[in-house]
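Here's the structure, in C-alpha cells; my notes come after.
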Protein chains: 2
Amino acid sequence: MTAFRKTFSSGGHASRSACRQTRQYSAPVDGSIPAAKQKYVPTTGTYPKGFLVSGTHVGVKASNTRFPDLALLTSERPASAAAVFTQNIFQAAPVTISRNILQKRSGEGIRSVIINSGCANAVTGKGGLEDATSMAASLDGLLPDSSSPDRTLVMSTGVIGQRLPIKKILQAVPKAVSNLENTHDSWLTTARSICTTDTFPKLLSMTFTLPSSPTIIYSIAGMTKGAGMIHPNMATLLGILCTDAPIPASTLRPLLTHAVERSFNAISIDGSTSTNDTLAVLANGAAGGQPVTSPASEDGRAMQKLLTDFTQQLSQLVVRDGEGATKFVRVKVINSPSFADTKLIASSIARDPLVKTALYGKDANWGRILCAIGYTQGLSSSKTVVPARTSVSFVPTDGSEPLKLVINGEPEAVDEMRAAQLLAEEDLEILVDLGGGGDGTGKEEASYWFCDFSHEYVTINGDYRT
Amino acid sequence: MTAFRKTFSSGGHASRSACRQTRQYSAPVDGSIPAAKQKYVPTTGTYPKGFLVSGTHVGVKASNTRFPDLALLTSERPASAAAVFTQNIFQAAPVTISRNILQKRSGEGIRSVIINSGCANAVTGKGGLEDATSMAASLDGLLPDSSSPDRTLVMSTGVIGQRLPIKKILQAVPKAVSNLENTHDSWLTTARSICTTDTFPKLLSMTFTLPSSPTIIYSIAGMTKGAGMIHPNMATLLGILCTDAPIPASTLRPLLTHAVERSFNAISIDGSTSTNDTLAVLANGAAGGQPVTSPASEDGRAMQKLLTDFTQQLSQLVVRDGEGATKFVRVKVINSPSFADTKLIASSIARDPLVKTALYGKDANWGRILCAIGYTQGLSSSKTVVPARTSVSFVPTDGSEPLKLVINGEPEAVDEMRAAQLLAEEDLEILVDLGGGGDGTGKEEASYWFCDFSHEYVTINGDYRT
C-alpha cells in the first residue's frame, strides 16, 4: 500500500472529528479542497510503468477560466483494455464510440484515453458522435504509430444536451500531449481535470505481486469522479484504472465485471443513472511476468480479489464526495436467498429519500429502513423478505456494540441516547439480516455505499447549469 | 359540481399569483392553513346521503394537545365496499385487518371506517394486530346492530415502528360516535383528522347522475391525506371515498382498480411507497335507483369515467401539498407501445431527484428528463424508447405555445427566456412523445403528477419523529 493508504487509515479519524464543525460540502469556487476532504487526497503514489498522463485547461465551460478540464492517459506500449458502460438508453456519444472501438479491436492494442469535463456530449445527435470520433482521432494522430486508427477511448462528463466546443478541444490536444508525464503531480492534475461538482480529485494507487512471479512489483492506479447523478448501472460516471501487469482483454473483462458488481455498481448518491457512465481498465504488461490467461488461474484469482478491493476503495471515494453529503453509510444485507435480490434491497434503502433525510437529521427513524426494504421493486421471489425473519441494526464503525432496532420483525425498545451517539458520527453501517429468507437457509450478502440527502444537495442541483 | 369546484377552477389563478411570494410550504404549528393553500379547501359541499362522519381529538402523538386525530365514517345502512392496499411487504397491521374484513364479507355489509393519525401501527408485530382489531371492534360494538362483527375497516397513518396508545383511542371512540354528523364542517374536520404533515385537509365532493335514472341526483365525496412517503403502489397513503349510488362490491372493485391506476397510482412526492397505503370506497345506495351490476353496463361505464376523474382530482390534492413542494408538475408520456411501460417512464421522471431539484431551481435542465427516461427500470421491451424517435416539450398550463426541447432525439436551441417564464409558474406539464416506439405505431399514453424537491422537504424529513 502507498503512503496515501496510511494517511487514509491512521490520520483520518483525528482530523475528521476536528473538522466536522467547519466542513464545507460544496466545491469552493477558488478550486481549493475543503479541509475535511484533504485526507482523501494522496500526497504520493506508486504508478504503473509505461503510462503517461496529463491534465490541461481548455475551458469547455466558458465560465472555467483556469482549472484543467481535458485529461489524457496513454500507454507507451499497446495495452489490453476492458470497459463497462451505462445501461441508460440515452447513452452519450463517447459511450457509443468507445464501445465500438473496443469491439473493433477485441480490447487489444489500445493506447490511450481522452476525457473532457464540463460537457457530457450526451443527447447531442449525429453531431455529437462526430465530435467524440474526432476527439479520439486527434489523439490517435499524435501517437507514435499515428497511422493505426481506433486506439483511443473517449469519455465526457458534464451537462447533458449541449454540444462540445470541439474546436477548442482539438486545438488543445497537442499541448495536452506535450504535458504527458508519469509523476504524482501529473496523476493528481489528471484526476482533477475529470471532476465536475467534486470537491477533491479521486485518485488511488498501490503495488502488488502475483503468485506466479513473486519478485515482480506490479502497480495499479485508478481515478474516478462524482459527485451527482450517481447510481451506476454497470459502471460509474467515469473511471479509469491502469496496471502494468500483463492481463489480456479476455481475462480483463470478467475480472472487471465481477469487481464492478461489488463496487461501482454498489454505490448511490441520488439514484440517478447517468448517460455517460464508463469505467475502463488498461493493462500494458510493462512490468513483465507471465500473462494472466484466465480468471480461474491462481494469478487470476489473486488479481480478482485485488481488483475488487481496489475498485471498492475507489468507488467509495465517490460516496465520500457525494453532492452535499454529510454522512458515509454502508448498508449490508446478509442471510438472503439471492445475491441479486440482496443488491436490490440494499439499493432500495440507499435510494430512499426519507432514509437519507433522516440520516442527515441524525434521526434513528428505522421504520423508513423497513419501509424501503418492503417496497423493493423487482425481487425474484416473494420469499426473499419475510417480515417475521427480518432484523435491522446500526453497527458503529469504531467496533463498539451494535444497536439492535428490529429483531425478527418485532421492534426493540431503542436506546435513543445511544442512537444519537451513533448518528453523530460521519460513518455508519446499517445491517439488515434477512434470517435466510422464506426457508431460513439463505446465506448470500451484498453491500451498498451511499450518503445522505442534505439542504446542500438541493442547492447544488437547483442551479447546476449556470 | 359543488361550490368548491368553481372556486378551484375560476378563483384559483388570481390568488395563486398574488400569494406566491408569501407562500409557506410547511404546516404552521398553530394548525392554520397557509394563505396559498386555502383555495384548495372547499367552503361548502354536497355529501352523499346516509353517511355520518366525525373528527375527534385523542392525542395519539403526545405533543398533539388539540388537533383532531381520530376519524370515523359510518353508513346508516350496510354498504358495499372495495379497497386497494399497499404492495409494501411490511404492510401495517390495519392493512392486514382491513383486507381480512373485506375478504370475510366479500365487500358487502360494511358499515364504517375508523382512522387515526399520529402513529402508523406499522412494524409493530402481534401487538399491533391486536390493537388494529380492537380499534375496529370498538366501533362495531357501538353501531346499531352491535352483535354483527367485522363491519368496520381500520386505517392508521404516522410514524412507523411505534405502538398505538390504544387505551386512549378506545376511550375516545364513544365520544367520536356521539360527534357523528353529515354537515360540511364535520366532513372538513374528519378530513383534517387524518392529516400528518399536510398543510390543508383534502376533501372533494360532487353530484352526478347515471344514465338509467337521470332524475336521481347522486353524490360522491372523498378525502385523502399526504404529504410524504408518497409513491403509491396500488393505493395511496390513505383515502376514503363514499357515494350514495347503489354499486355492489363486485362492480366497485374493478371500477376502483381502473380509477386508481390512473390517479393515486400515478402520483409521487418522494418515490417512497408507504407501509399503510389504503384507499377504500363505500357505496350505500341510499339515494335509490338501479344497482350498477357491471362495469361494462351503460351505468358502469359512466361511473368508471366519473370515478376516474374524481380520484384524479383527489389524488392531485396530495401532490399540491407535497412536503416542501413549490411546483405541481404533470408528466404526460404519449405514443408509446405499452401502457405499463409508459407509466414506468413517467414514474422514473417523477422520482428523479435531479429533475425535481432542477424544477425547484427553475432550471430548464431537460437533459435530466432524458436521462431519467433512459434509465427507467423494468421496461417490457428495449423497443419502447428509441432515442431517435423521442421528443420532449414543456407545455404551459395557460394554453400558450409549447416549448420544444428535443425533437426526435436532437436537441433544439432552447429559448431560455421563454423557459424561465414557464418555470416561474407553479404549474407545468412535461410532454414526452415516444413517437410510437420501435415500429412507430404505439398510441398508449399515461400521466404522472409530481412535485419538486426543495430545501423545505429536507428540513421536514430530517426531523420528523420529534
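Throughout, a chain's letter reflects where its sequence line sits, starting with A, and its residues are numbered from 1. Every heavy atom of this structure was used, including side-chain atoms; hydrogens, water molecules and symmetry mates were not.
- For A/S336, the side-chain hydrogen bond (donor to acceptor under 3.5 Å, both in side chains) partners at least two apart in sequence or on another chain are A/T342.
- Taken to the nearest 0.5 Å, the CD atom of B/Q91 stands 12.0 Å off from the SG atom of A/C371.
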Exercise. Does the pair B/I89 and A/Y375 meet the rule for a side chain to side chain contact (heavy atoms under 4.5 Å, CB included), with working shown?
Worked result: CA-CA 6 Å; B/I89 294 168; A/Y375 73 72; over 6 Å; no

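- Judged as a side-chain hydrogen bond (donor to acceptor under 3.5 Å, both in side chains), and not counting sequence neighbours, A/S381 has no contacts.
- Here B/P353 is the residue among B/P353, B/S348, B/A372 with the most heavy-atom pairs under 4.5 Å with chain A.
- Contacts with chain B (heavy atom to heavy atom, under 4.5 Å) involve these residues of residues 120-129 of chain A, listed by number: A/V123, A/T124, A/G125, A/K126.
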Exercise. Does the pair A/T459 and B/Y360 meet the rule for a side chain to side chain contact (heavy atoms under 4.5 Å, CB included), with working shown?
Worked result: CA-CA 9 Å; A/T459 301; B/Y360 174 60; over 6 Å; no

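- Ranked by heavy-atom pairs under 4.5 Å with chain B, the list A/G161, A/G374, A/G367 is led by A/G374.
- With chain B as partner, the option from A/T376, A/V355, A/L370, A/D352 having the largest number of non-hydrogen pairs under 4.5 angstrom is A/L370.
- Remark: B/D131 pairs with B/R163 by the side-chain hydrogen bond (donor to acceptor under 3.5 Å, both in side chains) rule, at least two apart or across chains.
- The shortest heavy-atom contact between B/V458 and A/T357 is CA-CG2, 4.0 Å.
- Of the two parts of A/L379, only the side chain, counted from C-beta on, holds a non-hydrogen atom closer than 4.5 Å to a non-hydrogen atom of chain B.
- Note: A/F453 and B/F453 have tilted aromatic rings, judged against thresholds of 30 and 60 degrees for the angle between ring planes.
- Considering CD1 of A/I160 and CG of B/N365, their distance stands at 7.0 Å, rounded to 0.5 Å.
- One finds the CG atom of B/L344 at 8.5 Å from the CD atom of A/Q377 (value rounded to the nearest 0.5 Å).
- Counting only heavy atoms from C-beta outward, the side chains of B/F90 and A/V406 never approach each other to under 4.5 Å.
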